[in-house]
Number of protein chains: 2
Amino acid sequence: MRFTIRDVAKKANVSVSTVSHALNSTRYVKEETREKILKIADELKYKPSTIAQGLRKKSLETVAVFVPNISSQFFSQILIGINEVALKNNYHIIMANTFFNSEEEEKTLENLKNQFIDGAILVSGNDNVACIKKLKMENFPFVLIARDIDPDIPSILIDNFKATRNIVDYLVTMGHKRIGYVTMNFSGRKTVEDRFLGYKEGLEENNIKYNPDDVLVVDEAMIDEMAVSYRHCKKFFNNKVPTAIITATDNIAAGLYVALKENGFRIPDDVSVVGFDNLPISRFLDPPLTTMKQPKKLMGYKGMEILLDLINKKKLPDPVIKLETKIIERDSVKQII
Amino acid sequence: MRFTIRDVAKKANVSVSTVSHALNSTRYVKEETREKILKIADELKYKPSTIAQGLRKKSLETVAVFVPNISSQFFSQILIGINEVALKNNYHIIMANTFFNSEEEEKTLENLKNQFIDGAILVSGNDNVACIKKLKMENFPFVLIARDIDPDIPSILIDNFKATRNIVDYLVTMGHKRIGYVTMNFSGRKTVEDRFLGYKEGLEENNIKYNPDDVLVVDEAMIDEMAVSYRHCKKFFNNKVPTAIITATDNIAAGLYVALKENGFRIPDDVSVVGFDNLPISRFLDPPLTTMKQPKKLMGYKGMEILLDLINKKKLPDPVIKLETKIIERDSVKQII
DNA sequence: TTGAAAGCGGTACCAA
DNA sequence: TTGGTACCGCTTTCAA
């Protein structure tokens, strides 16, 4: 059996309020009584019940984080950032893995919102716009990471459009004129679509004709991203390859790498590849992958900070925060003379 | 403002107990009143407070999962298994990332134990034996995954010793006689040490003399495992290489791959490599890594199931569950004639 | 078929 | 300097 504050009070011959105050230093308690109370609490190994405290304070100091798939380093890196800030502020994190299932996400969130959590971070996932606007209406504290839905909703983002456009520019600088693209299907994800649009815009600005035959839109759930990418790329890039291929994520690039090699292409001699995300693994692919960095930990960091501000009713300057990206040059792109 | 059960009761002109019973179907309520209550609850968007329910039932249906580093696929795969079972049983997961910091782990756990969580899963991490035995004394429900501490503590494991011994046997079958080993330091982790001991035993049984010059014990925290491995391997395997190298994890192998290649060795032509874990990425390394599979999702799955049994006071047949491993043959090992 | 009220384990207001 | 107690929002026993 666990002891309660009443047990401590009885044993110390004081009232529960005195015990509470002594333990929380919320009002002055005579040194002598205080010590006595502390001693007894210690003897009984008394620990206040978090639930009871939560009921009074109407907070468990807990937030939920929704990610599509923790097995992807993109999400786990963001989680690490979130975790760091949470720890510092004595907040707990409920982890919800949605596998891109919006219904599941909505259901779990609905469930947790009932006082369990103070707020939520929704990382990526399908743009379940209706659900998210509803959240907003309810004034429930939440922030979006890597999810581009509404300029009025606190979001941590990069400029996906600009990022891929820059990649195209970069490749053009390196002499490439035929540039392919591999992406998961957009399925209502603006961030993913923006990358693709940036790609197209990049071509146009460089006077390269957009060629649908050079773009592969993988129409399959990207749970095991590398494997799915590999399977589709293997079929798609069998004899015709552009001189360079951009992928919507590093994980897709990893699958593409193997597919290309198995089909007899050398990277970057026969075909250059540029990824997106700069995952920790990307430097360990062969050849090390040139890629567009997203500041993943920072995104988590900022996201959690904003969420705490929201919970504490601080007002934010600007709901949408766009973070910097940059190209990390490694060895998967070849200069063409 | 949120509405409470009292608001619903008042508006429906019934008592709170009737509302509670109607909503939970815990006793018969006249159809007419029931419908009325449901309707009003719906109108007010009434949702019972999870904290209040938790206080009554003394459970928030929540468990904590401690992992050293979610960024490693080994842990995220286990988490996915845990998550699956949790979801099915309407349990929530508090995620705690320890970065192998036992103190942090202990502190957070101490904090959460106060009624917040019903139990915990401790994945890997340093063998903080004292702390864990204490948990056991307190009768707190918890299970260990990939952590080998005490035969009386519920644990999900593989036979690490046997696994590496089998790898050595395998390599010997493939004609190798000089076999190196790369590992993180044991720092009190029996699972890691066992792998090493299995390696040594394997050598002995095959009449190969153990050569300390062929083993690299990386004496640095393995937070960014691949990067750390790379750095150390690069220096260590500069001219002298065995014909085959076993690594304690696939992540270490990924770092080793790059180090070897940069030092001018071809895999597997100059040196064969065998990993451990069979992470999803391993198939996408170049060459695809031959490795010892640990059933990661299954470990999570089983771990969570056992934990739920523990929480529900079911008694377990045998606390320690050892799961099967097997060698996944890919292309990183060359047969030597 | 339903209601009153105790109680889960704390916090904090009002009094003394 | 401390105590009594209402209350957080629900569940559940006992009684009607």
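Chain naming here is simple, since letters A, B, ... match the order of the sequence lines and numbering starts at 1 in each.
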Nearest-Å distance for atom pair [atom1]/[atom2], residues [X] and [N]:
X	N	atom1	atom2	result
A:Leu44	C:dG10	CG	C1'	16 Å
B:Leu60	D:dG9	CG	P	16 Å
B:Asn13	C:dT1	CG	C1'	16 Å
A:Lys10	C:dG9	NZ	C1'	14 Å
B:Lys36	C:dT2	NZ	P	10 Å
A:Leu23	C:dT11	CG	P	8 Å
A:Ile51	C:dG10	CD1	P	11 Å

Is there a donor-acceptor pair closer than 3.5 Å between any side-chain N or O of [X] and the backbone N or O of [Y]?
X	Y	value
B:Asn126	B:Asn128	no
B:Ser155	B:Ile153	yes
B:Asn97	B:Ile70	yes

Taking NZ, NE, NH1 and NH2 as the nitrogens, is one of them in [X] or [Y] under 4.0 Å from a carboxylate oxygen of the other?
X	Y	answer
A:Glu104	B:Lys88	no
B:Lys39	B:Glu43	yes
A:Lys107	A:Glu110	no
B:Asp150	B:Lys133	yes

| field | Members of residues 112-120 of chain A that approach DNA chain C, where some heavy atom sits under 4.0 Å away | value | none
Using atom names, set out every protein N or O paired with an N or O of nucleotides 10-14 of chain D below 3.5 Å, distance rounded to 0.1 Å.
unit_1, atom_1, unit_2, atom_2, d
D:dC10, OP1, B:Tyr46, OH, 2.9
D:dC10, OP1, B:Ser49, N, 2.9
D:dC10, OP2, B:Ile5, N, 2.5
D:dC10, O5', B:Tyr46, OH, 3.2
D:dC10, N4, B:Arg6, NH2, 3.1
D:dT11, OP1, B:Asn24, ND2, 3.3
D:dT11, OP1, B:Gln53, NE2, 3.0
D:dT11, OP2, B:Ser20, OG, 2.9
D:dT11, OP2, B:Asn24, ND2, 3.4
D:dT11, O2, B:Arg56, NH1, 2.5
D:dT11, O2, B:Arg56, NH2, 3.4

| query | In terms of side-chain heavy atoms, does B:Thr191 have a donor or acceptor partner in B:Asp148 at a distance below 3.5 Å? | reply | no
